[in-house]
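Below: the structure, in structure tokens.
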Amino acid sequence: MLLLPPSTQPTNREHYPAEGTVLKANRRGSIDWSNPWQETMAKKVAVIGAGVSGLISLKCCVDEGLEPTCFERTEDIGGLWRFKENVEDGRASIYQSVITNTSKEMSCFSDFPMPEDFPNFLHNSKLLEYFRIFAKKFDLLKYIQFQTTVISVKKRPDFASSGQWEVVTQSNSKQQSAVFDAVMVCSGHHILPNIPLKSFPGIEKFKGQYFHSRQYKHPAGLEGKRILVIGIGNSASDIAVELSKKAAQVYISTRKGSWVMSRISEDGYPWDMVFHTRFSSMLRNVLPRMIVKWMMEQQMNRWFNHENYGLAPENKYLMKEPVLNDDLPSRILYGTIKVKRRVKELTESAAIFEDGTVEEDIDVIVFATGYTFAFPFLEESLVKIEDNMVSLYKYMFPPQLEKSTFACLGLIQPLGSIFPTVELQARWATRVFKGLCSLPSKETMMADIIKRNENRIALFGESLSQKLQTNYIDYLDELALEIGAKPDLVSFLFKDPKLAVKLYFGPCNSYQYRLVGPGQWEGARNAIFTQKQRILKPLKTRTLKASSNFPVSFLLKFLGLFALVLAFLFQLQWF
């Protein structure tokens, strides 16, 4: 239960209670106006990290009338998406050429569309520009303490009653301690490289150079080399393609293969605008697994036959995240990249693969073998990591806490954009902290964690890269349901059928979760109906003469059908 005093009323939002109103909220975000006030709102929130998750957490805290303080160990915002020439300990690292795999309309925050002149897939510098515009628009920088490292986060002695935390930080060699009513961990999971050297016998004899993809920045210094890239994820493919333009030869070693998709889909639209619709998601959920597998295989092989290119995944029935790369098939076609099986053994200068083939004179090995994660500032009992997994309710809340005043954000790998995902996580977390939403019992949360993990294994498998995998739209809807922001399609079908069709058959982007409920944005409907304009704006840089609206393709199909009918009738005359 909660009494909202006038000073904590959220701003720029509709349908909030009148000043001083007594209210209670259930798990789904609906309000009971009759119950007496019992507990105090959590006010001060510690946000750890000023990357994507940290920035949107700050905004959600401010929207809910909370008082956030963000601790960022570096000198700037952006986290993973801020490129630096040098690799820094404790900070995510990317290569200079990184471009987003999800389009701008599917990646923007729900009440702040990207500028229409931004390209549909963004270079890391352009995405960072969007974050800077976002931070300036909502005046978020004033809440961030830069070059401040979090040393420890511990429960206060009276945590069972207060739910408070003691956060110790260090800046300029000086430590400080402060008490917070809630904590949001937004430090990411692309920091600690996973290099499984024990899986590569002979690595100690290898005389060439080897390093993790985290250390890769650009091809400089690797020209003319014979390079082996181990892994078939997005980073591995990007790096292999980029190196193949300068190297003597590049090899990709993969254990199980992968589907490879282009960013360009039907009619040239971004892939995720076509793939992530509620209608498509419904089909994937209700159809038998074998049918879904067949449909997926047909769709993935539409561009090129993966078996012909040595890329076909072994476990086709698993919903493994595909690789998004527009150049990889071409580079294989050119012969500048060769796909190999798993490395069985290494010698001083050669790689021996499990199919018995040998590639000599290897100069460089790049381990694109993913990441592990850790929270050195947390007690192990709070967020325990086992086999690169954590037991968190809906990937966010430790189930064993007496008070729900702690959440991890971004510790997930959705089959879609991470940005709308962490935004809904932050919207839910701040309302839990505030007392407007409540979590179920520990037993219920533990049962959900176990069941969710079983479903994840059935869908995605047990490999390291799939430990944090989850369905996209299903998870977004789960979070939105918790705060009362999931759109009711049946309701819209009666009161706004045009919008209902867009919601069901069009791309499921973040604007949909601002149509109703807390945080409702009056511009959401317009953003949904104008997204095509923002997609096409950066593409139409050359003006064309007006063309006929009558499609030539339709005419050709009609003439072809007419010819078939004539041929059939002509044939009948001979019988």
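These numbers come from the heavy atoms of this one structure, side chains and all, not from hydrogens, waters or symmetry mates.
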Review point. Would you call the rings of F159 and W165 parallel, tilted or perpendicular if under 30° counts as parallel and over 60° as perpendicular?
Key: perpendicular
Review point. Does D76 pair with R132 as a salt bridge, N-O distance under 4.0 Å?
Key: yes
Review point. Can you check whether L122 reaches M114 side chain to side chain, under 4.5 Å on heavy atoms?
Key: yes
**Study point:** Test ring pair (Phe, Tyr, Trp, His ring centres under 6.0 Å) applied to F131 - qualifying residues, sequence neighbours left out
**Key:** F419
Point to revise | R73: partners by salt bridge (charged side-chain N to carboxylate O under 4.0 Å, His left out), with sequence neighbours left out | key: none
Review point. How long is the gap from OG on S110 to CD on Q520, to the nearest 0.5 Å?
Key: 12.0 Å
Practice item. Kindly indicate whether the side chain of F83, heavy atoms from C-beta on, has any atom under 4.5 Å from the side chain of L128. Key: no
Review point. Less than 4.5 Å apart, any side-chain heavy atom of N285 and any of N471?
Key: yes
Review point. Regarding K502 and the six-membered ring of Y504, is the cationic atom NZ or CZ under 6.0 Å from the ring centre and inside 45° of its axis?
Key: no
Check your understanding: Would you say F406 and L392 make side-chain contact, with heavy atoms under 4.5 Å?
Key -> no
Check your understanding: Side-chain contact, heavy-atom cut-off 4.5 Å: E297 with K293?
Key -> yes
Practice item. Mind telling me whether W521 and Y511 have parallel, tilted or perpendicular rings, with 30° and 60° as the class edges? Key: tilted
Practice item. Evaluate side chain to side chain donor-acceptor pair (under 3.5 Å) for D272 paired with T102, printing each intermediate quantity in order. Key: CA-CA 7 Å; D272 49 359; T102 54; 4.8 Å; no
Review point. With a 4.5 Å limit on heavy-atom distance, are the side chains of Y513 and E423 in contact?
Key: no
**Study point:** Centroid-centroid distance, F109 to F134, less than 6.0 Å
**Key:** yes
Review point. Which residues pass the salt bridge (charged side-chain N to carboxylate O under 4.0 Å, His left out) test with R525, sequence neighbours left out?
Key: D496
Check your understanding: With a distance cut-off below 6.0 Å to the six-membered ring centre and an angular limit of 45° from the axis, does K59 pair with F138 as a cation-pi contact?
Key -> yes
Practice item. Decide yes or no on ring-ring contact (aromatic ring centres under 6.0 Å, His included) for F121 and W271, but give the supporting numbers first. Key: CA-CA 11 Å; F121 291 96; W271 75 274; 8.0 Å; no
Practice item. Answer yes or no: is there a side-chain heavy-atom contact under 4.5 Å between W259 and Q299? Key: no
Exercise for review: Have a look at N509 and tell me which of H276, Q531, E105 forms a side-chain hydrogen bond (donor to acceptor under 3.5 Å, both in side chains) with it.
Suggested key: Q531
**Study point:** Contact check, side chains of E116 and Q533, non-hydrogen atoms, under 4.5 Å
**Key:** yes
Review point. Does D181 reach the main-chain N or O of K44 with its side chain, forming a donor-acceptor pair under 3.5 Å?
Key: yes
Exercise for review: In plain terms, say whether R427 and D63 are close enough for a salt bridge, that is, a side-chain N and a carboxylate O under 4.0 Å apart.
Suggested key: no
